[in-house]
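A quick write-up on the structure given underneath.
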Amino acid sequence: MGGRRSGHDKGCGFSGFTRMALLGSASICLVLGSALGTGEIAYAQTAQQESIRLDIRQQGLGSALTRFADQAGLRLLFASSLVANRTSPALSGSYTRQQALSRLLAGTGLSYSFTSANTVTIAGRATGTPVPLADDGSLVLDVITVTAGQGGNPQEAPYETPAPTAYISEKAIERFRGSSPADIFRGTPGVTSGEARNGAGAIDVNIRGMQGMGRVAVTVDGAENAVTVYQGYQGTSNRTFVDPDLLGGIDITKGSDVTSNGIAGTVAMRTLDAADIVQDGKNYGVRVRGGFGTNTSSPKAGAVAGYQWPYASWASPIVTSSPTGMDRPALLSPTSGSGSVVAAVKEENFDLIAGYAYRKQGNYHAGTNGPSAYPIHLGPRRVCSTPTYCQNYTDYIDNGGIANYRAGEEVLNTQLETQSWIAKGTVRFGDGHSVQLGYNGFRSEAGDLLASRLTNDRGQAVQQAQTTGTSVDSVTLRYRWKPEDNDLINLKTNLWWSKLEMRNPLRAGYRPPKPGDFRSGSDTDMWGAEITNTSKFQLAYGSADLTYGVSYRGEDTRPSRGTKEAETWLDLRDGIRHEAAGFAKVAWRPVDWLTLNGGLRYQYFWSEDRNAPELVRPDYTYDTRLAKGGISPSIGVTVEPFDGTQFYVNYSNAMRLPSIMESVSAFTMNVNSHLKPERSSNWEIGTNLRREGLLSANDKGMLKLGYFDWTVDDYIARQWYTFPNGVSGMRIFNIDRAHFSGLELSGRYELGGFTADLAANYYTNVEFCRTAGTCENKSLYADYSTNHIPPRYSLALTLSQKLMDDALTVGGRISHVGARAIGHGDVTAQGASQFIALVDWKRHTLVDVFAEYKFSKNLTGSVRVENLTDQYYVDPLSLVQQPGPGRTFYASLTATF
């Protein structure tokens, strides 16, 4: 990782691998798809005869079948019209799958048949509708699929969960992938990824205004791979690396849960499984995908962007524009490319999957419609950057835009090249035992500008000769035991280890690169283990589910070899941290419409600072050992007065122990041995509504509306601190509290081939209180939260429609981002100037459209246009003042066989 890599390699254009990936995959699609399309292996097996424990209350037949499929581990195929306006009886006890289906369908005139070991087709007639027959007399069904065995239909799961959850499907990831992995979170209420354009191709998840330092627990197949990157005086980036091309879905929980260490929430990303690749009726499958994108240019080291603005000393103030960067490619000119291949085997007793993905893109170009850079002459003016430092201008020339990039200009240091691998094998033994061994690999070379070098609308970005290199390797070992006839055992264990190496262009800025184009950086190892079990009990009054377990996670970070010598005074963190926890939670249902929840978590951490800096700072504390612990309780109530209606109230008092970044010394960062853990009091009040036959006999509607109120006592912040001897520096400390509250809305409507998804959120209050009596709707001077504040409101509407017998799907998304929720600047302790620059963005609206066409059963073509209206905008939660990508066209072909 320390070797020579350049940020301006040839090949970012549509040549070499890109052309081969697209043409090669297209050829493979056409040849193999045709050859194998008729070679499916049909099979039908009888269902297992073992009894299973069911707890299904009386409700609409469609909802009951969905719950049954989930609990029984089956996939049901049926027409929505068959179950409309029908009610099912309650089921509570042990039944075989056949017995349960017979009772659920009793009196409906519907019948069922097992078409495979885990697939059931339900047939009959819709109420008042004759049964349609084909020419050969067979039944014709408008079939829909209910996927079960892993929590039902995951897209609908948030509307059945009495908690603030969200789900991002593989299809949504594919349709709205964007130019950065951070784009996949757009349209999820209350969830944003920071540093979307300067994060070296990583994600930095913000949930409801809280981000970084482990506040959001982010995992990939259960393993963490996060690193915190120094960004100069702008603070830090908190980066997790993943390739969206190999993701199978993302589950998001907002707020705390006793089973997780994330005080603000959990983002669990799952890579593809064999079931995502292998089609029904087959025991193997292959997916090959290739595509290209537009709106990028090959980086040229030393290029500058935007305008050079005059200083006060210039006799004849003029604005000089960069001579390069305005040669934006045509909309349909291929300039970037990607390709992937995934193969899987799915047998009765084992699964295997392996995949590889490659992507290369150059610097993107900004949009043309919006507040791009342009000079405004204001005449003679005295300008003060601080209360004590002022300059006189004969003709002050201001920037009328929000960033120093012109409309349509190439945005420097935004190139990206990644390679990713996945490999997983699962073996299933008798009596519900299974073991899975998995590996995830990630390599990237990406543009990454030190954020403190571009913090306002007058700085000029310069294309760096070096890129930032990242290497991630993660290994997971999972074991599950879920016997069919024992409700007391649903055991899950997970062991994981991640090794992350990052190499950056030298950041101290005072020494030239060493021979071999040396790059400094950090090496981080992370490891952990979790053991949980869920036991189900039948009580004299109702039933109860008890989940309990223990967890452990460790982290060891240190400067890479040669970094201390190259960076000298810019010492990175060198330390180790451990955290252990035990937890238990119970859900008691005394009656079928009421659920009472309670939970308890105890966690304890200890850390050791190994830092031996080149420059020892007076009054700084080194070689510190910290250790703290505490209990986090939670309670909740869920009421379901009607079928498809839930009301819930949840409260938790969650603790976050200091992260390794807050408990180990570094450049201008002292350890505070008096630091207390954060303590967040979280209220969640919400409702879930589900209706079938809402506007017509065959439609379905879902709504999730919630209000949250979080008060984080002893919120951990950063401040500029002067020691008794007069030496100044930064330190971590506790403020009295921070407060976040707001409303969130999610909705989904389905009718035939039409689907509409709505997401919106609004912050009613964001507040920071340095002391109990000094509270402001402003972020704190010098604290990382400066650029963690979300928009006051945001909304997104996604529409799709299937046409031509479902062969064609067209759709799009419109998303609107409001202004920053609160101001910035702690007037009680601001000093002469702000230590962290506030990155400004303006309200903006983005439109994305897509179309997918099935040429055959095995070949699908997709096109999409992102930022259709070519808006010029700056992303929220950025650390640099630079625009996002303008109008970009993507096309791909996918073969499955």
Side-chain angles (χ1 to χ4, degrees), residues 56-70 76-89 104-105 108-110 122 124-129 132 141-148 152-162 164-167 169 171-172 187-189 592-593 638-648 686-706 743-761 795-803 806 809-814:
I56 303 172
R57 62 184 176 83
Q58 181 178 348
Q59 57 192 293
L61 181 58
S63 299
L65 289 172
T66 299
R67 291 181 182 271
F68 166 71
D70 183 22
L76 302 186
L77 305 177
F78 58 90
S80 59
S81 58
L82 294 179
V83 298
N85 302 318
R86 298 184 190 270
T87 302
S88 75
L104 289 173
L105 300 178
T108 64
L110 305 179
I122 296 176
R125 69 169 64 194
T127 305
T129 304
L141 292 178
D142 174 21
V143 177
I144 65 173
T145 302
V146 178
T147 303
N153 186 345
Q155 283 190 300
E156 298 183 7
Y159 300 99
E160 299 176 337
T161 304
T165 64
Y167 178 75
S169 67
K171 181 60 68 176
T188 305
D592 62 359
W593 54 267
T638 302
V639 178
E640 302 179 68
F642 313 107
D643 178 31
T645 301
Q646 285 182 331
F647 298 100
Y648 60 87
T687 183
N688 293 319
L689 304 174
R690 291 171 51 90
R691 295 289 185 272
E692 296 180 7
L694 188 64
L695 301 178
S696 71
N698 301 322
D699 71 352
K700 182 191 301 185
M702 288 160 274
L703 182 71
K704 189 180 192 75
L705 176 63
L743 296 165
E744 293 176 350
L745 171 70
S746 298
R748 183 176 178 88
Y749 180 77
E750 301 173 0
L751 175 61
F754 174 76
T755 302
D757 287 287
L758 175 66
N761 67 285
L795 57 91
L797 176 63
T798 304
L799 305 174
S800 66
Q801 176 67 60
K802 293 183 178 181
L803 304 167
D806 295 345
T809 302
V810 297
R813 178 179 66 187
I814 180 170

Atom pair [atom1]/[atom2] of [X] and [Y] - distance to nearest 0.5 Å:
X: Leu110; Y: Arg86; atom1: CG; atom2: CZ; answer: 4.5 Å
X: Glu744; Y: Leu705; atom1: CD; atom2: CG; answer: 9.5 Å
X: Thr809; Y: Leu803; atom1: OG1; atom2: CG; answer: 7.5 Å
X: Leu61; Y: Thr66; atom1: CG; atom2: OG1; answer: 9.0 Å
X: Tyr749; Y: Thr755; atom1: OH; atom2: OG1; answer: 10.5 Å
X: Asn698; Y: Glu692; atom1: CG; atom2: CD; answer: 10.0 Å

Do Leu703 and Leu745 pass the side-chain contact (heavy atoms from CB on, under 4.5 Å) test, and can you show the C-alpha distance, the side-chain angles, and the key distance before you say yes or no?
-> CA-CA 8 Å; Leu703 182 71; Leu745 171 70; 3.2 Å; yes
Checking Asp699 side chain against Glu750 main chain: does a donor-acceptor pair fall under 3.5 Å?
-> no
Which heavy atom in [X] sits nearest to a heavy atom in [Y], and how many Å separate them?
X: Ala756; Y: Leu799; answer: CB-CD2, 3.5 Å
X: Glu160; Y: Asn688; answer: C-ND2, 4.1 Å
X: Tyr159; Y: Arg690; answer: O-CD, 3.7 Å
X: Ala759; Y: Gly187; answer: CB-O, 3.1 Å
X: Leu65; Y: Leu105; answer: CD2-CD2, 4.5 Å
X: Ala64; Y: Ser88; answer: CB-OG, 3.1 Å

With Lys171, which residues qualify under side-chain contact (heavy atoms from CB on, under 4.5 Å), at least two apart?
->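 Ser169, Glu174, Arg175, Glu852.
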Residue set satisfying side-chain contact (heavy atoms from CB on, under 4.5 Å) with Thr161, at least two apart, ordered chain then number -> Ala163, Thr165
Test side chain to side chain donor-acceptor pair (under 3.5 Å) applied to Thr645 - qualifying residues, sequence neighbours left out = Arg691
